[in-house]
2 protein chains.
Amino acid sequence: MSELGHEVLAAVLQVRSRSLQVLLWRRAREPQVGRWSLPGGQLGATEDIEASVRRQLAEKVDVRQLSHVEQLAVFSAPDRVPGDRVIASTFLALVRSDNDPVIPDDTSWFPIDALPDTAFDHQAVVLRARDRLRSKLSYTNVGFALAAPEFTVSALRDVYSAALGYRVSATNLQRVLSRRGQLEPTGETVPPGPSGGRPAALFRFARASIQITDPFAVFRPPATTPPPAPPSPPTESASRA
Amino acid sequence: MSELGHEVLAAVLQVRSRSLQVLLWRRAREPQVGRWSLPGGQLGATEDIEASVRRQLAEKVDVRQLSHVEQLAVFSAPDRVPGDRVIASTFLALVRSDNDPVIPDDTSWFPIDALPDTAFDHQAVVLRARDRLRSKLSYTNVGFALAAPEFTVSALRDVYSAALGYRVSATNLQRVLSRRGQLEPTGETVPPGPSGGRPAALFRFARASIQITDPFAVFRPPATTPPPAPPSPPTESASRA
DNA sequence: ACAAAAGTGTTGAGATTACACCCATGT
DNA sequence: ACATGGGTGTAATCTCAACACTTTTGT
């Protein structure tokens with residue numbers, strides 16, 4: 001019977017310099033010396049996997065300000081790494097764009113569209129993290145985990161554009177998020193830049209934990225609140241006695 | 001150092017008797033004798049976790065016709081089961097409603113809204129499976145994995161109603177699925193029942209593997225097809241040289 | 001004829017995009 | 001004044017829910 005290990009791996013994503021980037025760590029040893037891998041490590045005996053990710057990120061790359069962490073998937077191909085078998089539980093972890101954690105020399109941020117040579121199956125993990133983030137930006141409030149605590153709409157647009165990989169309109173972004181109750185004006189404004197322009201209002205996210213804001217694409221359950229008392233239809237025995 | 005095991009667990013769901021049901025297995029041994037648990041077992045040395053689920057379901061409960069299988073989440077609390085630590089990779093597995101697999105005496109189907117006493121953290125797995133299925137019915141074509149290969153729209157409505165837990169309108173169900181290209185008429189019809197009525201047309205799903213049919217709730221990427229030649233994108237060096 | 005079930009037509013409400021236009025500030 | 005963002009108004013489009021109405025069959 002061979003040994004079976006369990007590791008956790010995190011794709012730590014952040015919007016930096018207007019691009020979505022991932023934190024990678026350069027392997028110093030065989031196998032695959034010089035390739036870039038995701039931070040993580042062996043699961044400890046007394047921690048669950050999420051605690052393990054947080055611990056490893058804090059210890060190994062000194063990243064402590066994770067605004068959001070969620071499970072991605074398990075990678076379990078028997079030969080996914082050489083030697084003893086290791087199963088990987090993978091995570092999506094987000095860092096707000098106002099943070100700039102001090103990271104070790106052998107780690108670096110890479111734009112997710114220009115990854116270097118990655119180790120093992122780590123590229124698949126990164127792509128999965130990216131896709132998950134992009135989907136969730138559409139139907140949840142994860143934006144809070146990417147943006148600074150307070151921001152102008154155009155700063156937020158830049159964050160969304162970087163994360164989604166295509167231009168987003170500030171006008172419509174503001175309207176959608178407002179309608180969903182995600183945005184709150186702080187009441188303050190920031191002065192315009194050197195080239196002029198109207199001062200921008202500051203906003204914040206209404207909630208700082210993930211929530212599904214757009215739950216049903218279709219097949220919505222029958223409305224219960226809005227129609228208080230539609231005129232009693234033909235023969236239907238209504239709910240009221 | 002304590003032992004570390006890895007098991008796989010599956011919430012096998014099927015629409016039976018117009019209700020969404022899950023396959024459970026009655027524990028014959030301590031701990032938690034008599035409680036009901038999810039089928040599954042220890043991960044084998046040479047298989048990945050999905051292969052393991054399929055194997056265990058085939059061997060232990062004789063369920064082989066899985067129309068869809070996907071990972072749910074890892075349950076890793078150190079004390080989730082007594083004794084040596086065991087990490088569980090959990091799955092959602094679906095069986096089409098036209099199947100009726102022969103199952104062992106100590107297993108049984110339970111409506112998901114009336115679960116018996118469940119073992120360990122298995123109830124959480126079942127609920128997660130249910131929620132995942134309900135979400136995916138809205139934005140993917142998973143319906144194919146619940147319905148029979150050919151069906152009338154009202155049969156399909158019953159399947160969707162059971163899975164979602166609320167009445168669905170056959171009229172609108174047909175329209176939505178048709179618009180998305182999920183439904184194909186077979187050209188055949190079935191005769192009406194004893195009480196009369198117009199004969200119903202038979203349909204099938206256009207694809208028998210899962211696909212996202214309603215990808216973007218909002219923040220859709222800029223339309224690429226309609227506007228023939230939008231002005232060349234800004235200054236970004238694109239992927240194309 | 002009448003009832004029952006299937007399927008189509010049509011209207012109305014909401015959400016979202018696109019775009020024109022106004023606002024506040026620097027030069 | 002004019003240029004430069006920021007922000008609001010508004011129309012066109014699309015999707016979906018609701019419901020009336022037609023179609024096809026059994027009794």
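Below, chain A is the first sequence line, B the second, and so on; all start at residue 1. Everything numeric here is computed off the predicted structure, so don't read it as measured data.
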Practice task
Go through the structure and list residues passing salt bridge (charged side-chain N to carboxylate O under 4.0 Å, His left out) with B/Asp131, not counting sequence neighbours.
Solution key: none
Practice task
Take atom CG of A/Leu164 and atom C1' of C/dT17, then tell me their distance rounded to the nearest Å.
Solution key: 16 Å
Problem - Length of the CG-P vector between A/Asp214 and C/dA15, whole Å - result: 9 Å
Exercise for the section: Determine: side-chain N/O of A/Arg180 to OP1/OP2 of C/dT16, distance under 4.0 Å, yes or no. Expected result: yes
Practice task
Give the ring-plane orientation class for B/Phe205 versus B/Phe151, where under 30° counts as parallel, over 60° as perpendicular and anything between as tilted.
Solution key: tilted
Handout entry: Atom pair distance, as rounded to whole Å: CG in B/Leu137 and P in D/dC16
Key = 15 Å
Listing, residues 184-194 of chain B side-chain donor-acceptor contacts under 3.5 Å, not counting sequence neighbours, or none:
from	atom 1	to	atom 2	distance (Å)
B/Glu184	OE1	B/Arg204	NH1	3.2
B/Thr186	OG1	B/Glu188	N	3.1
B/Thr186	OG1	B/Leu202	O	3.3

Practice task
Measure the distance from CZ on B/Arg167 to P on D/dC16 and round it to the nearest whole Å.
Solution key: 21 Å
Exercise for the section: Rounded to the nearest angstrom, tell me the gap between atom CZ in A/Arg157 and atom P in D/dG5. Expected result: 10 Å
Fill in the blank from the handout: note: A/Leu183, atom CG; D/dG7, atom P; distance rounded to Å ~ 11 Å
Problem - side chain to side chain contact (heavy atoms under 4.5 Å, CB included) partners for B/Arg18, two or more places apart - result: B/Asp158
Practice task
Indicate yes or no: at least one non-hydrogen side-chain atom of A/Thr90 is less than 4.5 angstrom from one of A/Arg128.
Solution key: no
Practice task
Report the residues that fulfil salt bridge (charged side-chain N to carboxylate O under 4.0 Å, His left out) with A/Asp62, sequence neighbours left out, ordered by chain and then residue number.
Solution key: A/Arg64
Exercise for the section: Using atom CG of B/Leu173 as one end and atom P of D/dC19 as the other, report the distance to the nearest whole Å. Expected result: 18 Å
Exercise for the section: Look at the side-chain N and O atoms of A/Gln174 and state whether any lies under 4.0 Å from the OP1 or OP2 oxygen of D/dG6. Expected result: no
Fill in the blank from the handout: For A/Arg132, the salt bridge (charged side-chain N to carboxylate O under 4.0 Å, His left out) test, sequence neighbours excluded, returns A/Glu70
Handout entry: A/Arg179 vs C/dT16: side-chain N/O to OP1/OP2 distance below 4.0 Å
Key = yes
Problem - Annotated protein contacts, base or backbone, on nucleotides 19-27 of chain C with a non-hydrogen cut-off under 4.0 Å, one of B, S, - each - result: B---BBBSS
Problem - Nearest-angstrom distance from the residue atom CZ of A/Phe203 to C1' of D/dG6 - result: 10 Å
Handout entry: ring-ring contact (aromatic ring centres under 6.0 Å, His included) partners of residues 174-199 of chain B, not counting sequence neighbours, each pair once
Key = none
Exercise for the section: Could you tell me whether A/Ala170 contacts a base, only the sugar-phosphate backbone, or nothing, with contacts defined as non-hydrogen atoms closer than 4.0 Å? Expected result: nothing
Extract from the structure each pairing of a protein N or O with an N or O of nucleotides 11-14 of chain C at less than 3.5 Å, listing the distance.
none

When the side chains of residues 110-118 of chain A are checked against the rest of the protein, which donor-acceptor pairs come out under 3.5 Å, sequence neighbours left out?
none

